[in-house]
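Below is one structure, written out as structure tokens; the observations come after it.
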Amino acid sequence: MNKTKSTFRIKLKTLRFRIFLALMLIGLFPGLALGAIFLASIRNRGIAQDVSGISTQAQLLNDEIISKGYLTDLKRDDVRRSLSAIGNVYSGRVMIMDTGLKIVYDTYEMYEGRTMVWENAVKALSGSTESFYDVNNHSVTVTLPIVDSASGEIMGVILITKSAELMERTLTYYHNTVIITIMAIFALVFYLALFLSRRFIMPVRKVKFGIEDMSKGIGPGVLNVPDVTETMEISRVFNHYNQQMKELSDSRQEFVSNVSHELKTPLTSMKVLSDSILSMGEDAPVEMYREFMTDIAGEIERETDIINDLLSLVRMDKKDSTLNITQININELIELIMKRLSPIAESQKVDLVLESFRPVIVELDEVKFSLAISNLIENGIKYNEEGGWVHVSINSDHRYCYIRVEDSGMGIPEEDIDHIFERFYRADKSHSREISGNGLGLAITMGAIRMHHGEIKVASTLGEGTTFDVRIPLNYIDEKEAAYD
Ligand code: ADP
């Protein structure tokens, strides 16, 4: 029972049902309106014809009454016969009133002698001819003054009532005809609406089937419904979205395979190292054990680095990952980062220089932003040469803080520059192999800067050096809050 109800409700909500309903209304309304207007005009015409017929007769009666002086002799049999003969002509009733509205003649003799103050009779006394259609008794009554044509004086009132049975019968006939016609139109419109609503809805159904096929992997793999402009647009937008999803899925797959590969490499090295030392048995000297164990510890450190970087990336990838925003003095923060990195710089014999134009306070997540900047400075040191330098400068205007990390290092080949922010991407493979790294640092930097609604740009000349320009808003823009404002 409930199921039937809900199916019915679903049907009511379908576009096809709505189109069907609209077509039915458009198709039926004019028919119904025309039918009603047609019937009303037939009735009015019938009444008008009856009134005009009676009026002509009444005029004749008026002339006869005046010319023969019936008004003074209404008791005479021949006069009564003559009047009732006129009444019989159109199977009606004739009543004559004097100027005091007393009924002096009635075909049915019922009201004779009574005084009746009918509205139309009063109007007739002032010279107007009135008609009245009695809907219940199906009769037309015409009331008109008896006028002496010689003097123009009103001598009384004639009331002629005529049965409209014939007209009503004609009307019933037309009524039935109209109902049958409307029913025929209804059937026609019903089937037409059923057919057209199905046709109109067809492109939408094609879109649905197309998407279903695509989800099952059937067909050409693109949505193509060029039937109407709307489905053409939907196909275009859907295919674009689908392409984006495919690219996302591909990049995810690539990421997973890269992660697996990167995680496997240190493990393979550890396995080789431990297998070879085990194969030596008890003859292996202690120094060799120490050397192998040092290598294994190095591989474990590498593995830990990769996992830590991956965790940072995943945290930044999450849409709803929260930032711990506080007011930070950027100059102090970068000074601290450079202090931490100075041992590496010293070991590589690279100069670290900080140039600060003014103290800058920025609203940011200290941990994530530190990671972003330290990756840039660390790269500047790593991909450098002995005697080289890394120059960091801080500046600001009323909206943004600008940080530039410039180095005198090896630079990035042109063909690699567009890819360096991709996960696991390492430019210039020959150099990269000598320099440790996993290709995740710049991806993390990009993620962190984006979380702060900032931008990063890179410019590099091979053999001369690389410059990274970072720009972040001084005041953090919380999009979630902005969305609720
Ligand atoms: P990695 O762990 O390899 O340093 P990153 O994501 O930090 O990974 O950098 C990606 C690649 O971009 C590096 O492998 C390197 O080839 C290139 N790169 C990044 N920074 C610099 C730089 N300052 N100078 C030259 N090449 C750089």
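Atoms within each ligand, like the ligands themselves, are counted from 1 in listed order. Both backbone and side-chain heavy atoms feed into the values below; hydrogens, waters and symmetry mates do not.
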Between the side chains of Lys123 and Glu119, is the shortest nitrogen-to-carboxylate-oxygen separation below 4.0 Å, so that they form an ion pair?
yes

Both conditions, 6.0 Å and 45 degrees, for the charged tip of Arg471 above the ring of Tyr402: are they met here?
no

Please identify which atoms of ligand 1 are closer than 4.0 Å to at least one heavy atom of [X].
X	answer
Gly437	2 (O)
Tyr425	10 (C), 11 (C)
Lys382	1 (P), 2 (O), 4 (O)

Apply salt bridge (Lys or Arg N to Asp or Glu O under 4.0 Å) to Arg43 and Glu168, showing your working.
CA-CA 8 Å; Arg43 161 168 288 178; Glu168 282 297 333; 3.3 Å; yes

Evaluate the ring planes of His453 and Tyr476, with Trp represented by its six-membered ring, and classify them as parallel (under 30°), tilted (30 to 60°) or perpendicular (over 60°).
tilted

For the residue pair Trp389 and His391, categorise the inter-ring angle as parallel (less than 30°), tilted (30 to 60°) or perpendicular (more than 60°).
perpendicular

Would you say [X] contacts ligand 1, with heavy atoms under 4.0 Å as the rule?
X	result
Glu378	no
Thr466	yes
Gly439	yes

Report yes if some N/O of [X] lies less than 3.5 Å from some N/O of ligand 1; otherwise report no.
X	result
Ala443	no
Ala427	yes
Asn379	yes

With a 4.5 Å cut-off on side-chain heavy atoms, are Val458 and Thr467 touching?
no

I'd like the name of whichever of Asp407, Leu440, Ile306, Val458 reaches closest to atom 22 (C) of ligand 1 through any heavy atom.
Asp407

Could you check which of Tyr383, Phe468, Phe421 puts a non-hydrogen atom nearest to atom 4 (O) of ligand 1?
Tyr383

Side chains of Tyr425 and Asp416: is there a donor and an acceptor less than 3.5 Å apart?
yes

Candidate pair Thr231 and Glu233, rule side-chain hydrogen bond (donor to acceptor under 3.5 Å, both in side chains), full reasoning
CA-CA 5 Å; Thr231 52; Glu233 273 293 291; over 6 Å; no

